[in-house]
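Comments concern the structure below.
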There are 2 protein chains.
Amino acid sequence: MNMRRTTIKDVAEAAGVGVATVSRVLSGGSASPETRERVLTVAAQLDYRPSALGRNLRQRRSGGIGLLVPDITDSFYGRLADGVLACARSAGEPVILGTTGDDAEREAEEIAVLLEQGVDRVVAVPAGSGEIWEPTLRTGLTTVFAHRLAAGRHDVPAVLADDRAGVRTAVDYLTGLGHRRIAYLGGPGQDSRVSVFRQTLGALVDEELIVFARGSRDSAYAAAAGLFQHRPDLTAVLAGGNQLGEAAVLAARELDLRVPKDLSLIMFDDVPWAELCSPPLTVIAEPAQDIGYRAAELVLRAGGRRPRGALLPTELIVRGSCGPRRTV
Amino acid sequence: MNMRRTTIKDVAEAAGVGVATVSRVLSGGSASPETRERVLTVAAQLDYRPSALGRNLRQRRSGGIGLLVPDITDSFYGRLADGVLACARSAGEPVILGTTGDDAEREAEEIAVLLEQGVDRVVAVPAGSGEIWEPTLRTGLTTVFAHRLAAGRHDVPAVLADDRAGVRTAVDYLTGLGHRRIAYLGGPGQDSRVSVFRQTLGALVDEELIVFARGSRDSAYAAAAGLFQHRPDLTAVLAGGNQLGEAAVLAARELDLRVPKDLSLIMFDDVPWAELCSPPLTVIAEPAQDIGYRAAELVLRAGGRRPRGALLPTELIVRGSCGPRRTV
DNA sequence: CATGTTCATGGAAACGATTCCATCATGGTT
DNA sequence: AACCATGATGGAATCGTTTCCATGAACATG
């Protein structure tokens, strides 16, 4: 029962060369054509696969890239993860996935796990504020933020959707339809959007109409229902994500608000069911998968250098959930 | 610039003991109370974190568990993954995620990546047939299948939803409503469901009404539209997953089939948007997250022994997408 | 011809943990 | 008092790779 897997040493012996030579051949170093040939055939014959374990220890870093998202159950992050996976696969790199639940503490724990594993490249949707990342970044972790950046941390490259433009478009669209009392139903880490929201709305801004939910579905529903009940005079809502949009639709239905007659609704993030909803939801589409892919690309290409980030376009897709302001 | 991270050797020196002792203390071996105390305080002072790299090499296996799903974008697998992550987190284990696209070849590649990484525990939604897993399983990979099993491979523990019962319930429900021409719109790896479908339907079974899509959304839509156009006489559809259900709703809408008046629809897998759809979709709920959690539990607990699998209940949730057979 | 340069090559030293094994002290038993 | 069992301890080997360095050959240049 001697099922030891074949090591580089076996290959070296079988090929009649030293282990160093085998290593060089296999990792593209210099070697004479004949030996290269011989080593390669022998390696193929023995079905030799280098063990990542040995290599990782020697290089004091595990390959692979870490991926931290708030919630893999959320379609948006699912697509983002898919993008990262696609890029990683084309590079043959494994992806270690962790979820933070938009909680700074859990985020820190997940980072610790990654660090212990020797992962030195991370794509993250940051949950905690910038300081949390400070010690991590100084250990040489090359990090790329995706979808949003950590508060007060502009020294980390980030791949973002241009949601500021998205907010402007949406608000302009709604005011163009005659709406004056427009609410923003937000989630964690959307401060930048809200500031644009305020800015675009100008004199129309009403602080009571800006509410935030925590990450969960329940919290989103609670925020939406609370908002609608507390301020029945509002006529339009901008929901900051697909779970918030879902909550808004549900709450509106529960309170017998007809969309778009009583309430116009725009949602961030185009999801397949937006079209199936009745009425079909007007959305601001964000290229979630692209965000993931680009972020992974950046983190893989980064040879120690800090790459520049990217800003990807959003798109207003008009369906049926917005109408002219109701005349009370 | 000497930023070497602190190793077990540093701790040993600082505590005035041997590295072996430190290792034992940290991994729960025997040691005298005083030394244990001393080692622990010193380790804390130096902020020592054991490197998984060294440990992995020595034990010739990386910790962590591999997770293979067809498509992380699919809400069902997202929830399944979430379950796996929840369990893994409570054990402090990292999760390496790979997607197979329901393609045997890609599955094999992902397995190869995991093996190279030294991963020896895998939770997988198998794509390829049983033989593909043969060599893998013999290398000592402890595997648990989730959601479905690989064709002809009953020697691998699996955590499944009792979708056979689900199919029976759904079919009984539809026939009870008077339906006679009932279609099954399936995806990859649903043979077991279809056999129950045939069995339950008995004399009513019509092979033309059993169609399969490949994994993608497009393929699902094509299959649904083709089915509806080719056999306008059918009055009920059982969709084998949320993407297939989505496609069915879309195709029905496109062809001006009213649900449930012209067409009754039941979908496998309860997703949040099923309630938002109009009409709200009647579904067979599957405990995706539980499946993931239980599977991860099994794979973690397995101390070389092969654990027994589990069969989790499904539930018919009646909403508004099924009605009595239309009278033509 | 002597010397320097370039290359292929292999031995050996890392990398950081776990674990085998020998050693030594202690305390109890005959 | 001699002996054995027990338990704590540290040195050293080990895991599989990469990479540093020394060696020697071949070749070019003066």
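These figures come from a predicted structure and were not determined experimentally. Below, chain A is the first sequence line, B the second, and so on; all start at residue 1.
A sub-4.0 Å separation between OP1 or OP2 of D/dA8 and a side-chain N or O of B/Ser30 is present. Between B/Thr35 and the phosphate of D/dT9, there is a side-chain N or O to OP1/OP2 separation shorter than 4.0 Å.
Contacts of A/Ser51 with the nucleic acid, taken as non-hydrogen atoms under 4.0 Å apart, involve only primed sugar atoms and P, OP1 or OP2. At a threshold of 4.0 angstrom between heavy atoms, the contacts of A/Leu57 include nucleobase atoms, whether or not backbone atoms are also involved. Within 4.0 Å of B/Ser27, counting heavy atoms only, lies no atom of the nucleic acid at all. Using a 4.0 Å heavy-atom cutoff across all strands shown, A/Gly54 reaches at least one base atom of the nucleic acid. Within the nucleic acid shown, A/Ala31 comes within 4.0 Å of sugar-phosphate atoms alone, with no base atom in reach, counting heavy atoms only. B/Gly118 comes within contact range of no nucleotide atom at all, as no heavy-atom separation falls under 4.0 Å.
When each of A/Val19 and B/Ser32 is assigned the nucleotide of DNA chain D bearing its nearest heavy atom, the one mapping closer to the 5' terminus is B/Ser32. Mapping B/Thr21 and B/Arg60 onto DNA chain D by nearest heavy atom places B/Thr21 closer to the 5' end of the strand. Between A/Arg24 and B/Tyr48, the residue anchored nearer the 5' end of DNA chain C, judged by the nucleotide with its closest heavy atom, is A/Arg24.
In this structure, the separation between CD on A/Glu107 and OG1 on A/Thr136 is 8.5 Å, given to the nearest 0.5 Å. Within the model, atoms CG of B/Asp290 and CZ of B/Arg79 stand 10.5 Å from one another, a figure rounded to the nearest 0.5 Å.
Between A/His147 and A/Phe76, the ring planes lie tilted relative to each other; the angle falls in the 30° to 60° range.
Using a 4.5 Å cut-off on side-chain heavy atoms (C-beta onward), A/Leu26 and A/Tyr48 make contact.
Here the C1' atom of nucleotide D/dA13 and the CZ atom of B/Arg58 are 8 Å apart, to the nearest Å. Rounded to whole angstrom, the span from the CZ atom of B/Arg55 across to the C1' atom of D/dG16 amounts to 18 Å. B/Asn56 has its CG atom 14 Å from the P atom of C/dG16, to the nearest Å. Rounding to whole angstrom units, CD of residue A/Glu13 and C1' of C/dG10 are separated by 13 Å. Rounded to a whole Å, the NZ atom of B/Lys9 is 20 Å from the P atom of C/dT19. If you take CG of B/Asp10 and P of C/dA17, they are 9 Å apart, rounded to a whole angstrom. When rounded to the nearest whole Å, the span between CD of A/Glu34 and C1' of C/dT9 equals 12 Å. The separation between A/Ile8 atom CD1 and C/dG11 atom P is 13 Å, rounded to whole Å.
Checking C/dG11, C/dT19, C/dG16 against the side-chain heavy atoms of B/Ser23 singles out C/dT19 as nearest.
Remark: side-chain polar atoms of A/Ser51 are paired, donor with acceptor, to backbone N or O of A/Leu53 under 3.5 angstrom.
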